[in-house]
Amino acid sequence: MTIETKFNIGDEIHFIENKKACSSKIRGIKIEVVSNVIILTTYLCNKDEESNVNCKVEAQNAFASKAELLKSL
């Protein structure tokens with residue numbers, strides 16, 4: 001089984017958190033698979049370089065640019 005995600009570890013994503021536009025680099029990816037079907041992809045991020053993973057963003061809420069994020073609203 002090959003799993004492909006929209007973004008990779010190290011990519012910067014843009015998302016909404018606490019009603020604010022945010023951005024972060026992806027530190028990890030969590031994928032839930034049932035019967036060979038991906039049911040949920042979650043990107044694990046941190047808000048600054050010094051902190052541990054403290055933010056989880058589901059794939060459908062992650063965007064490549066701030067402009068794409070704003071367009072989705």
Side-chain angles (χ1 to χ4, degrees):
M1 173 183 223
T2 301
I3 297 175
E4 294 185 30
T5 58
K6 184 176 177 182
F7 300 104
N8 298 307
I9 294 174
D11 289 351
E12 184 175 44
I13 58 171
H14 299 264
F15 54 94
I16 298 289
E17 183 178 60
N18 296 326
K19 299 181 182 180
K20 292 183 182 180
C22 300
S23 64
S24 177
K25 287 190 177 182
I26 297 171
R27 302 290 178 220
I29 300 173
K30 179 180 174 184
I31 298 173
E32 294 181 40
V33 178
V34 175
S35 299
N36 291 331
V37 176
I38 296 173
I39 59 170
L40 181 64
T41 302
T42 305
Y43 298 109
L44 309 174
C45 304
N46 54 344
K47 295 177 190 170
D48 58 63
E49 299 292 326
E50 304 300 318
S51 65
N52 292 325
V53 170
N54 60 8
C55 181
K56 297 177 182 178
V57 181
E58 291 184 9
Q60 68 269 16
N61 299 323
F63 299 90
S65 68
K66 190 173 183 178
E68 283 183 28
L69 170 64
L70 295 175
K71 186 178 178 180
S72 74
L73 299 176

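Remember, it's a predicted structure, so these values are computed and weren't measured experimentally.
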Distance check, rounded to the nearest 0.5 Å: [X] atom [atom1] versus [Y] atom [atom2]?
X	Y	atom1	atom2	result
I39	E32	CD1	CD	5.0 Å
C22	I16	SG	CD1	7.0 Å
C45	F15	SG	CZ	5.0 Å
I3	N36	CD1	CG	9.0 Å
N8	K25	CG	NZ	13.5 Å

Discussion item. For the CD atom on E4, are there more than 12 heavy atoms of other groups (residues, nucleotides or ligands in this structure) within a distance under 6.0 Å?
Written reply: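 Atom CD in E4 is not packed in, count stays at 12 or less.
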Fill in: Heavy-atom donor-acceptor pair, Y43 side chain to A62 backbone, under 3.5 Å
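Such a contact is absent between Y43 side chain and A62 backbone.
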Discussion item. Please check this pair: side chain of T41 against backbone of I31, looking for a donor-acceptor N/O pair closer than 3.5 Å.
Written reply: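 Judged by distance alone, no pair lies under 3.5 Å.
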Show which side-chain atoms of residues 66-73 pair as donor or acceptor with protein atoms under 3.5 Å away, not counting sequence neighbours.
| from | atom 1 | to | atom 2 | distance (Å) |
| --- | --- | --- | --- | --- |
| S72 | OG | L69 | O | 2.6 |

Worksheet item: What are the two closest heavy atoms between F7 and A64, and how far apart are they?
Response: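 Scanning both residues completely, I find the closest heavy atoms to be CZ-N, 3.6 Å.
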Discussion item. Do I29 and I9 have side chains that approach each other closer than 4.5 Å (heavy atoms only, starting at C-beta)?
Written reply: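 A side-chain contact exists here, since the closest heavy-atom pair is under 4.5 Å.
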Worksheet item: According to the salt bridge (Lys or Arg N to Asp or Glu O under 4.0 Å) rule, which pairs have a member within residues 6-19, sequence neighbours left out?
Response: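 Salt bridge (Lys or Arg N to Asp or Glu O under 4.0 Å) check on residues 6-19 returns E17-K47.
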